[in-house]
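Just below is one structure, and these are the notes that go with it.
What you see below is based on every heavy atom in this structure, not just the backbone, and it leaves out hydrogens, waters and symmetry mates.
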Amino acid sequence: MYAWEAIEQSLTFIEEHLTEEIYTEELANIAGLSPFYFQRLFKRLVNKPVQEYVKLRRLAKVIENLGNSEQRILDAALNYGFTSHANFTRAFKETYGITPEEYRRDLPMLNTFDKPEVSMNYVLVDEGVPLVVGNIVLEIQRKTLAEPEVYLGFETKVRISEQIPAGESTGVDVPGQLWKRYHMEKTLIAEDVDANVEMGMSHTEDTAQGLFTYFAGGLVRNIPHKQEGDFVKRELPAGEYIVCRIEAESFEDLVTVALNQGGKYLFGTWLPHHSLTTEPFSAEKYYRDLKDMACMEIWIKPIPLEKG
């Protein structure tokens with residue numbers, strides 16, 4: 001067994017026992033490692049100490065309950081091992097920057113810490129070869145966009161440190177909030193956009209300020225005669241792209257865990273192994289008309305890494 005496989009076993013055990021007491025020594029025993037070595041390896045592969053990871057996964061599960069049911073905040077917290085309302089509120093606010101009551105009242109989009117697919121760091125697929133990991137299917141290929149695509153939507157500035165690394169940063173999901181706004185107001189431009197094709201675009205232009213610009217919108221089918229409200233037009237330029245196609249079981253899974261895992265694999269594993277980096281731009285293209293699957297693509301413009 002590889003060391004990363006031992007950590008994956010412990011991650012599966014944690015996920016199945018989040019409502020119970022979880023002891024580091026027990027996890028080390030499951031992994032077949034000494035507690036000292038297990039904790040070092042876990043932090044290296046998961047980027048969090050063991051008990052900090054357990055807390056973050058419990059908070060993520062509580063958020064699911066608070067958003068999807070009328071369960072009392074205290075009951076949800078107690079179910080996932082928090083000993084009191086004060087203890088839970090402190091952990092929640094430290095992690096997300098708002099209180100549980102504020103979350104229940106406003107239901108903002110939040111970034112939660114995902115269960116990582118550690119194996120994705122150690123598997124390299126060729127172009128056009130699907131990779132099946134957990135509940136997602138991922139495939140990377142090259143595409144040529146002959147004509148630019150025009151999108152109409154909203155954009156905002158986002159702090160890099162609060163959104164990256166995806167799946168690990170916690171707090172209010174600013175791009176998610178922008179999508180929420182777009183879907184509330186897109187009826188104003190319904191005649192001009194294709195409801196089945198949407199795009200999220202990230203431009204890293206102001207690294208000194210630690211910011212990137214994020215755009216969320218729909219594919220334009222009729223160029224509007226007038227600009228509505230705060231809507232802006234942005235292009236997916238013509239050119240050569242590497243496209244990472246991701247499929248998941250549901251659209252909710254697609255835009256959260258699957259997008260985070262697929263992005264980390266593309267940028268953290270696949271591109272470096274092919275001696276490639278990218279322009280300071282990426283696009284997320286969502287297809288909403290597929291009945292039997294949830295599907296999206298990450299579009300990037302590749303640049304060869306300079307050899308040192």
Please determine, by modelled atom types, if H85 and T89 share a side-chain donor-acceptor pair under 3.5 angstrom.
yes
Indicate the ring-plane relationship of Y241 and W299, choosing parallel, tilted or perpendicular according to the 30° and 60° boundaries.
perpendicular
Is the distance between the ring centroids of F42 and Y53 under 6.0 Å?
yes
Do R245 and K143 have side chains that get closer than 4.5 Å, going by heavy atoms?
no
Modelled atom types, side-chain donor and acceptor of E127 and H274, under 3.5 Å:
no
Less than 4.5 Å apart, side chain to side chain, heavy atoms only: is that true for Q261 and K115?
no
Would you call D114 and K264 a salt bridge, using N to O less than 4.0 angstrom?
no
Salt-bridged, E235 to K233, with N to O below 4.0 Å?
no
Where does the angle between the aromatic ring planes of H183 and W179 fall among parallel (under 30°), tilted (30 to 60°) and perpendicular (over 60°)?
parallel
Side-chain donor/acceptor of Q177 to backbone N/O of M109, under 3.5 Å
yes
Between the side chains of Y2 and E8, does any donor sit under 3.5 Å from an acceptor?
no
Check this for me: does any side-chain nitrogen of one of K55 and E52 sit under 4.0 Å from a carboxylate oxygen of the other?
yes
For the residue pair R58 and F82, would you count it as a cation-pi contact if the rule is NZ or CZ under 6.0 angstrom from the ring centre and within 45 degrees of the ring axis?
no
Any side-chain heavy atom of T269 sitting closer than 4.5 Å to one from M120?
no
Walk me through it: do F215 and F154 pass the test ring-ring contact (aromatic ring centres under 6.0 Å, His included)?
CA-CA 6 Å; F215 168 90; F154 299 121; 8.7 Å; no
